[in-house]
Amino acid sequence: MDCNDDGGAVPCSASGLGIDSAQLQANANNVLSAIGLVQSHGAASVAVLFETDGGAVQATPIFAAFDDGGAETLPVLGLAASTDYAMQFVASDGDGGLARSPVLDFSTAALPPEVAALNTFTVVQNGPVEPGYFVVPKLSSGTVTPPQPVMVVDRSGQVVWYVDLTTQPDGDFQKQPDGTYDVAAAGPYFNTVRTGIFEKFDVLGNLLASYTLPDPDGGTDPHELRTLPDGDMLILGDTLRVLDMTAYDGGSSATVIGNTLYRIHPDGGAAFIWDSFDHTTPADVDPALVAVTNNPLDETHCNAIDQTSDGNYLVSSRHMSQLWKIDATTGDVIWKLGRHGDFTFVNDPLNGFGGQHFARETAPDRILLFDDGNSHSPQVSRAAEYQLAFDPATGAPTTATLVWSYNPGIYGFAMGSAQRLPNGNTVITYGTDSRIDEVDPSGNLLWQLNDPHPAFGLYRGLFIDSLY
């Protein structure tokens with residue numbers, strides 16, 4: 001990372017361009033990172049180069065530079081613990097001119113004990129895969145002593161990013177399109193429902209915001225938060241009703257738990273509210289998941305939400321073994337896919353899915369989900385992708401054809417995910433089985449992560465291509 005002011009190929013500075021000051025600070029939120037502070041003039045962009053003794057030179061992304069004399073903060077992410085680095089700031093004027101700071105020394109600390117204790121992943125790689133990382137919320141089966149971290153691991157299974165929570169992870173943890181991370185942390189109980197608190201962190205682990213729903217009937221459901229391109233958020237709420245369930249042998253005064261879908265503006269205002277009690281019936285509860293006579297009855301147990309390509313909403317109800325497509329304007333249910341749904345399953349040896357977790361549209365009217373398989377006999381988990389068909393005259397749902405699946409013959413009874421990557425591969429997380437597979441379109445296993453010491457399981461394992 002040397003530079004040369006005597007006419008060499010890499011000058012230290014160019015006319016009108018320079019770095020006025022540069023320093024590095026430890027990040028109190030995450031020892032696997034550094035905070036770079038740089039002031040420059042005449043710069044269009046700036047980045048940080050870093051290397052270990054004898055190691056290859058790595059670089060942060062190129063950040064747009066401030067040219068107003070103010071200090072710019074650059075995150076340096078994905079460092080190794082207990083390691084010495086040489087780092088250098090590089091500014092560019094956009095026309096080929098470069099300016100470089102002196103080389104600075106920086107040393108990372110050891111992993112905190114609570115992170116090291118959970119850094120127990122092993123990896124097997126059988127074929128070529130894209131570089132990247134996996135967001136892996138490891139959930140506990142019981143109360144733990146805070147702080148408990150959520151983590152990101154690299155392709156070797158090593159933790160490269162983490163953030164400590166003041167409580168414990170309780171569901172969703174994913175990187176949002178704006179580059180921030182949202183984490184569902186355990187909140188207080190509301191009647192029979194444990195509500196969540198979503199916390200938003202930047203890439204340096206700074207807490208930016210906390211979200212809870214102002215729902216007088218329940219609380220914030222921890223299963224998923226999705227940030228949309230316009231900055232709005234999709235969040236689930238838990239809704240409680242006391243109902244006469246004698247028709248289902250559940251008593252004349254039973255507590256029933258449903259879900260509410262919210263679209264929330266960044267300022268907290270609600271743009272859309274949809275209540276499952278207006279569109280479902282206890283008759284649709286899957287007996288393989290829950291007995292309809294339970295009091296309280298967790299009727300819907302929604303666990304995944306997304307916006308479809310036509311602007312409507314996709315919601316997964318685990319306890320009904322159904323997916324719903326919801327009209328984003330009227331709130332009408334456009335169709336139901338699954339048990340007691342609107343489609344006939346075709347080419348599916350298991351005749352549908354049961355207790356599913358996570359669902360995404362891979363193309364218009366094409367759905368990929370993780371089928372936990374609670375309803376199957378024998379019980380088995382898989383990734384399943386369906387092409388939906390409709391009557392050309394009426395638009396009514398007709399068939400759901402299984403067009404792709406991956407079934408390794410294991411069973412994760414809860415949680416999990418199935419994610420299609422841009423290169424056509426699919427990443428499958430088996431929830432309580434604490435395993436992640438990446439397979440190609442032909443079903444060849446290319447990469448696998450296992451956790452031999454799970455706390456309870458991996459809620460989801462979602463691939464991201466960058467820590468930034």
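Predicted, not measured: the structure shown is a model, and the values here were computed from it.
- Ion pair Arg318/Glu224 not flagged as a salt bridge, since none of the NZ, NE, NH1 or NH2 atoms sits closer than 4.0 Å to an Asp/Glu carboxylate oxygen.
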Derivation of the ring-ring contact (aromatic ring centres under 6.0 Å, His included) call for Trp274 and His279: CA-CA 9 Å; Trp274 182 92; His279 303 274; 4.9 Å; yes
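- Under a 4.0 Å N-O distance rule, the pair Glu130/Arg155 does not qualify as a salt bridge.
- The side chain to side chain contact (heavy atoms under 4.5 Å, CB included) with Glu438 is formed by just one residue from the set Leu421, Leu449, Thr426; it is Leu421.
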Test ring-ring contact (aromatic ring centres under 6.0 Å, His included) applied to Phe353 and Phe370, step by step: CA-CA 9 Å; Phe353 50 86; Phe370 179 69; over 10 Å; no
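- Contacts of Phe463 classified as ring pair (Phe, Tyr, Trp, His ring centres under 6.0 Å), with partners at least two apart in sequence or in another chain: Phe134.
- Pairing each heavy atom of Ala359 with each of Asp306, the nearest pair is O-CB, 4.3 Å.
- Taking a cutoff of 4.0 Å between a charged side-chain nitrogen and a carboxylate oxygen, Lys325 and Asp310 qualify as a salt bridge.
- Not one N or O on the side chain of Glu199 forms a donor-acceptor pair closer than 3.5 Å with the backbone of Ser210.
- Side-chain atoms of His357 do not come within 3.5 Å of backbone N or O of Ala414 as any donor-acceptor pair.
- Residue Leu208 places its CG atom among more than 12 non-hydrogen atoms of other residues, nucleotides or ligands, all under 6.0 Å distant.
- The pair Arg460-Asp172 meets the salt-bridge criterion, with a side-chain N (NZ, NE, NH1 or NH2) lying under 4.0 Å from an Asp/Glu carboxylate O.
- Not a single donor-acceptor pair under 3.5 Å links the side chain of Ser316 to the backbone N or O of Asn303.
- Salt bridge Arg382/Asp372: absent, no basic N to carboxylate O contact under 4.0 Å.
- Salt bridge status for Asp232 with Arg226: absent, with no side-chain N to carboxylate O gap under 4.0 Å.
- Using cut-offs of 30° and 60° for the angle between ring planes, the Trp161 and Phe173 rings count as parallel.
- In this structure, Lys138 pairs ionically with Asp451, as a charged nitrogen and a carboxylate oxygen lie closer than 4.0 Å.
- Proximity of a side-chain donor or acceptor of Thr108 to a complementary backbone N or O of Thr83 within less than 3.5 Å is detected.
- Below 30°, between 30° and 60°, or above 60°: for Tyr406 and Trp404 the angle between ring planes is below 30°, a parallel geometry.
- Panel note: side chain Asp275, backbone Thr260; no donor-acceptor pair is recorded below 3.5 Å.
- Of the charged side-chain nitrogens involved, none lies within less than 4.0 Å of a carboxylate oxygen, so that Arg366 and Glu361 do not count as a salt-bridged pair.
- Ionic pairing of Lys200 and Asp182 is present here: one or more N-O contacts between side-chain nitrogen and carboxylate oxygen are shorter than 4.0 angstrom.
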Tyr386 vs Phe345, ring-ring contact (aromatic ring centres under 6.0 Å, His included): CA-CA, chis, key distance, verdict: CA-CA 9 Å; Tyr386 295 95; Phe345 288 102; 5.3 Å; yes
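- A distance below 6.0 Å separates the ring centres of Phe343 and Phe390.
- Considering CG of Leu236 and OH of Tyr262, their distance stands at 10.5 Å, rounded to 0.5 Å.
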